[in-house]
Amino acid sequence: MNDSRRRLLYLVVLSIIWGSSYILIKKGLEGFSAIQLWGIRVLMAGLILLGIGFGSLKTIGRQDWKWVGLSGLLGSFIPMFLFAWAETEIDSGVVSILNSLVPLFTIFVGYGLFRIAFTLNQILGVMVGLVGAALMIYLGSALNPDQNYWYTSAVVVASFCYAVNANIIKSKLQEVSPMGIATGNFIFLIGPALFIVIFSGALSQPVREGPHFMSSLAYIGVLCVFGTAIAKVMFNRLIQISTPVFSVSTTYLIPIVGVFWGILDGERFSLGQVGAALLILMGIYMINKTKRAPR
């Protein structure tokens, strides 16, 4: 399979996996707090990756470790908590749509930190996308007055972290194997995750005796295997065979999958929000449809 077809395959598979992650987080929160879910998810994913990818650590050069550590912090550790925290107050479908801001941030981060040029059309796309995001937040708060839409700021910060991570992998870790990056990320995260699990009481008796403990743990397990371990390796490879902006274009399809699961779970979604989502996706399309020209 050539790189062009492989890029498309990775894009579709990652969109399905990550689009389903938001409902899995929501179900995981039935038995755990956001902090407890965060610790369990990071620890479980780290143990899985170490078990299958320990040998790949040899592809990480001494000069690469600082970037691998930063990639783990921005691409996994911080966003994992922020998404779980956001979903304690807002619907999983809305979170999946707001995550579409990643390509918009990727343009700015790529130019500001790594001097990747951009076009006027891409700037217009950013503006359209941000208008769509603002409209999504406004309409969502009106439709669901019982939800605290200030928590959408957590999704925005997580999206920015993803954008920085995509540029780091492309510009600094091109020669490291995708499995090596993913496994190396969690070398730095397993210790803090174990600390969180222990001191948050994630496995305490009251939590274990809760009615949703086993089902939530199972949902987190699926999330770790597919949404973290497998997806991280695929995403790292996708970045290496494409561009940062193309790789985060999974957000074209993630909202479709995320909203689908949300509606099946009884979440409310208005036609106005559909329009806002289309504005976000239009902005992403404008960013991606032309080649970058120096500016």
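Residue numbers count from 1 along this sequence.
Considering every non-hydrogen atom in both Ala166 and Phe235, the closest pair reads CB-CZ, 4.4 Å. Here the shortest heavy-atom pairing between Ser96 and Val259 reads OG-N, 3.9 Å. For the pair Val68 and Gly184, the tightest heavy-atom approach, listed with the atom from each and the gap, is CG1-C, 3.3 Å. Between Asn165 and Ser71, the shortest heavy-atom distance links the atoms OD1-OG, 2.6 Å. Nearest heavy-atom pair, Ser21 versus Gly227, reported as atom, atom and distance to 0.1 Å: OG-CA, 4.1 Å. Smallest separation of non-hydrogen atoms from Thr152 and Leu98: CG2-CD1, 3.6 Å.
In this structure, CD1 on Ile241 lies 6.0 Å from CZ on Arg6, to the nearest 0.5 angstrom. Here the CD1 atom belonging to Ile187 is positioned 8.0 Å from the CD1 atom belonging to Ile60, to the nearest 0.5 angstrom. We find the CG-CD1 distance between Leu189 and Ile196 to be 9.0 Å, quoted to the nearest 0.5 Å. One finds the CG atom of Leu82 at 12.0 Å from the CD atom of Glu87 (value rounded to the nearest 0.5 Å). Taking CZ from Arg237 and CD1 from Ile169, the interatomic distance works out to 12.5 Å, rounded to the nearest 0.5 Å. The CZ atom of Phe188 sits 12.5 Å away from the OG atom of Ser76 when rounded to the nearest 0.5 Å.
More than 12 heavy atoms of other shown residues, nucleotides or ligands fall within 6.0 angstrom of atom CG in Leu264. Atom CD1 of Ile35 has 12 or fewer neighbouring heavy atoms from other residues, nucleotides or ligands inside a 6.0 Å radius. In the displayed structure, Lys58 atom NZ is contacted under 6.0 Å by at most 12 heavy atoms of other residues, nucleotides or ligands. In this structure, Glu175 places its CD atom where only 12 or fewer heavy-atom neighbours from other residues, nucleotides or ligands lie under 6.0 Å away.
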Test side-chain contact (heavy atoms from CB on, under 4.5 Å) applied to Leu14 and Leu238, step by step: CA-CA 10 Å; Leu14 282 170; Leu238 178 60; 3.9 Å; yes

Derivation of the side-chain contact (heavy atoms from CB on, under 4.5 Å) call for Leu24 and Ile220: CA-CA 7 Å; Leu24 292 172; Ile220 296 172; over 6 Å; no

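Between the side chains of Ser92 and Glu267, at least one donor N or O sits under 3.5 Å from an acceptor N or O. In this model, no donor atom of one side chain and acceptor atom of the other lie less than 3.5 Å apart for Ser216 and Lys27.
Note: Phe213 and Phe32 meet the aromatic proximity criterion, with ring centroids under 6.0 Å apart. Aromatic rings from Tyr151 and Trp85 are positioned such that their centres are separated by under 6.0 Å.
A salt bridge links Asp265 with Lys26; the closest basic N to acidic carboxylate O contact falls under 4.0 Å.
Follow the hydrophobic side-chain contacts under 4.5 Å out from Trp150 and you never reach Val95; the two are in separate clusters. If you chain together hydrophobic residues whose side chains sit under 4.5 Å apart, Leu271 and Leu278 never meet in one group.
Counting heavy atoms from C-beta on, the side chains of Leu203 and Gln36 never come closer than 4.5 Å. In this structure, the side chains of Met179 and Leu49 come closer than 4.5 Å at one or more pairs of heavy atoms. Residues Tyr149 and Gln147 meet the side-chain proximity criterion, which asks for heavy atoms closer than 4.5 Å. Side-chain contact between Leu279 and Leu135 is present, with heavy atoms from C-beta onward closer than 4.5 Å. Two residues are said to be in side-chain contact when any heavy atoms from C-beta on lie closer than 4.5 Å; Met44 and Leu217 meet this criterion. Taking 4.5 Å as the limit, some side-chain heavy atom of Val155 sits within range of a side-chain heavy atom of Ser159. Between Gln174 and Gln240, the closest side-chain pair of non-hydrogen atoms falls below 4.5 Å. Within the 4.5 Å cutoff, no side-chain heavy atoms of Phe77 are placed close to those of Asn185.
For the pair Ser33 (side chain) and Leu29 (backbone), a donor-acceptor distance under 3.5 Å is absent. With hydrogens and angles ignored, the 3.5 Å screen pairs a side-chain donor or acceptor of Asp64 with a backbone N or O of Gly61. At distances below 3.5 Å, not a single donor-acceptor pair connects side-chain atoms of Trp67 with backbone N or O atoms of Ile168.
Between Trp38 and Phe81, the ring-plane angle classifies as tilted under the 30° and 60° cut-offs.
Of the residues Trp261, Phe83, Tyr219, the one that meets the ring-ring contact (aromatic ring centres under 6.0 Å, His included) test with Tyr22 is Phe83.
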